[in-house]
Amino acid sequence: MPELCLGTVQFGMKYGINNQIGRQPTRDESFQMLDYALDHGIDTIDTACAYGEAEEIIGAYVKACEKKHNIKIISKLRPNVINNKGKSVKKIIVEECKNSLRRLSVEQLDGYLLHTPEYVYQDEILVALAGLKKEGYVRNIGVSIYDLKEGYAAIDTGMVDYIQLPYSLLDQRGIKEGFISEAKSAGIKIFTRSAFLQGLFMMDHNFIPEHLQKAVPYLEKIEKILEHYGADKVSAILQFVKQEKQIDYLVFGVETREQLKEDIRKADQSDVPVECLQQLKKEINNVTQAIIFPSLWAKKE
């Protein structure tokens, strides 16, 4: 059963389609959430250079925190940082990793992922990433993907320890297409994100933007199934992922300590009927990329 991993994009920037007021936690609020997570068994933190101030906030917490020896931090290479303008790929990647380590106030990362999934096709980048592991800067290397084709390419490299991908009620590709099973067979740990699809699941349908109106029939079908079984939406969203034994970590982000408390409590329960989860898995199929890929939302495709 997946363990929980605290995502921190909300710590560093205003994030999420359902974040209508543009709220970002203060540094003190972020510290309180990190405290609460560690006190309740969440020792793995997911962040990235691209998440605004998130690395700096976590680093300040690590400096001030007596529990820092319990924290496992996963970060990511700056997106699109390789530009072929003279500096060697190895030098760029080592510098970027060292900068993340400095901001995070740690000497070694548990994981360092490619944030540009297409980099998985470039041998020079993969070799440089493996060099970080060999030199002790990181314990594990991997890639964060959207499309499964980069995931399969990552498996084929034979070099990757971690793969992070979306998985939710609307985006079940990883399980249904057999990708996660194949990755696990290759000894790769699986981290899934976007269980709440940036808050889309929790939005009032009247406020869903025009370019995402195609999502509404799916959301209505999900809500109808939940109503039939008397199931809570947040519980179903989290337990739907947690039922998948092949997933190692469920990465989730929050904006408040109260939200964190609720998510931990509901993820750890088993109060959503198995029949409800099975029906959700069976009836939600072939959702278009324009809905499940937030990178396409801004393009309004």
Side-chain angles (χ1 to χ4, degrees), residues 1-10 15-20 23 25 32-33 36-46 164-176 180 190-208 212 215-285 287 291-292 294:
M1 184 175 291
E3 296 181 41
L4 294 177
C5 169
L6 184 62
T8 60
V9 62
Q10 288 92 341
Y15 177 82
I17 192 171
N18 200 30
N19 189 352
Q20 301 293 323
R23 190 186 190 285
Q32 289 171 18
M33 286 187 269
Y36 191 88
L38 285 166
D39 287 344
H40 289 79
I42 298 176
D43 63 359
T44 306
I45 309 296
D46 178 81
Q164 188 183 117
L165 72 156
Y167 188 75
S168 69
L169 290 169
L170 285 179
D171 186 357
Q172 302 178 31
R173 295 169 299 141
I175 292 290
K176 287 189 172 179
I180 289 175
I190 296 296
F191 294 71
T192 65
R193 64 176 187 275
S194 301
F196 291 93
L197 203 52
Q198 292 196 15
L200 178 62
F201 284 116
M202 307 308 295
M203 286 188 78
D204 182 320
H205 296 180
N206 294 320
F207 293 103
I208 292 177
L212 282 174
V216 172
Y218 293 104
L219 298 174
E220 289 176 342
K221 179 184 281 191
I222 288 168
E223 289 170 3
K224 187 175 180 181
I225 293 170
L226 296 179
E227 184 179 357
H228 175 76
Y229 288 97
D232 173 75
K233 186 187 289 187
V234 172
S235 298
I237 287 167
L238 293 167
Q239 291 174 38
F240 183 80
V241 181
K242 287 210 72 177
Q243 70 172 334
E244 297 295 348
K245 295 179 181 178
Q246 295 183 93
I247 295 171
D248 295 287
Y249 286 90
L250 189 173
V251 182
F252 72 110
V254 292
E255 294 162 22
T256 67
R257 186 171 177 268
E258 288 305 309
Q259 198 177 53
L260 175 62
K261 289 172 68 175
E262 179 188 46
D263 286 356
I264 291 174
R265 179 175 61 82
K266 291 186 174 181
D268 286 344
Q269 291 175 340
S270 300
D271 57 345
V272 179
V274 173
E275 295 81 7
C276 176
L277 298 174
Q278 289 174 339
Q279 190 171 346
L280 288 166
K281 192 170 185 176
K282 180 180 179 181
E283 295 199 17
I284 307 299
N285 291 294
V287 181
I291 294 173
I292 61 174

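Throughout, numbering of the chain's residues begins at 1 and tracks the sequence. A quick note: this is a predicted structure, and the numbers were derived from the prediction, not measured.
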task: Report yes or no: does Gln239 contribute a side-chain atom to a donor-acceptor pair with the main-chain N or O of Lys266 at less than 3.5 Å?
output: yes
query: Closest approach of Gly174 and Tyr167, non-hydrogen atoms and distance?
result: N-CD1, 4.4 Å
query: Any donor and acceptor pair, going by atom type alone, linking the side chain of Lys176 with main-chain N or O of Lys281 inside 3.5 Å?
result: yes
statement: Here the pair of heavy atoms bringing Pro166 nearest to Arg173 is CG-NH2, 4.0 Å
- prompt: Between the side chain of Thr192 and the main-chain N/O of Leu165, is any donor-acceptor distance below 3.5 Å?
  reply: no
- line: CG of Asp271 to CG of Asp232, rounded to nearest 0.5 Å, is 7.0 Å
- request: Mind running side-chain contact (heavy atoms from CB on, under 4.5 Å) on Met202 and Val234 for me, showing each step along the way?
  value: CA-CA 8 Å; Met202 307 308 295; Val234 172; 3.5 Å; yes
query: Among Arg193, Gln164, Glu3, whose side chain to side chain contact (heavy atoms under 4.5 Å, CB included) with Tyr249 holds?
result: Glu3
query: Do you know the tightest heavy-atom contact between Ile237 and Ala195?
result: CG2-O, 3.2 Å
message: When you measure from the side chain of Asp248 to the backbone of Phe191, do you find a donor-acceptor pair of N or O atoms at a distance under 3.5 Å?
response: no
query: Do Asp171 and Ser194 pass the side-chain contact (heavy atoms from CB on, under 4.5 Å) test, and can you show the C-alpha distance, the side-chain angles, and the key distance before you say yes or no?
result: CA-CA 9 Å; Asp171 186 357; Ser194 301; over 6 Å; no
Side chain to side chain contact (heavy atoms under 4.5 Å, CB included) partner of Ile225, chosen from Glu223, Glu227, Lys221: Lys221
task: Test Phe196 against Asp263 for side-chain contact (heavy atoms from CB on, under 4.5 Å), laying out the working first.
output: CA-CA 11 Å; Phe196 291 93; Asp263 286 356; 4.1 Å; yes
- request: Write down the atom of Leu260, the atom of Ala37, and the distance for their closest heavy-atom approach.
  value: CD2-N, 4.0 Å
- line: When every non-hydrogen atom of Leu4 is compared with those of Ile42, the smallest separation belongs to O-CG2, 3.6 Å
- prompt: Is a donor on one side and an acceptor on the other found under 3.5 Å between the side chain of Glu244 and the backbone of Val241?
  reply: no
query: Taking Lys233 for the side chain and Leu226 for the main chain, is one N or O donor matched with an acceptor at less than 3.5 Å?
result: no
message: Check this for me: does any side-chain nitrogen of one of Asp268 and Lys242 sit under 4.0 Å from a carboxylate oxygen of the other?
response: yes
Glu258 vs Lys261, salt bridge (Lys or Arg N to Asp or Glu O under 4.0 Å): CA-CA, chis, key distance, verdict: CA-CA 5 Å; Glu258 288 305 309; Lys261 289 172 68 175; 3.8 Å; yes
- request: Step by step, work out the side-chain contact (heavy atoms from CB on, under 4.5 Å) result for Leu277 and Val272.
  value: CA-CA 7 Å; Leu277 298 174; Val272 179; 3.7 Å; yes
statement: Taking every heavy atom of Val216 against every heavy atom of His205, the minimum-distance pair comes out as CG1-ND1, 4.1 Å
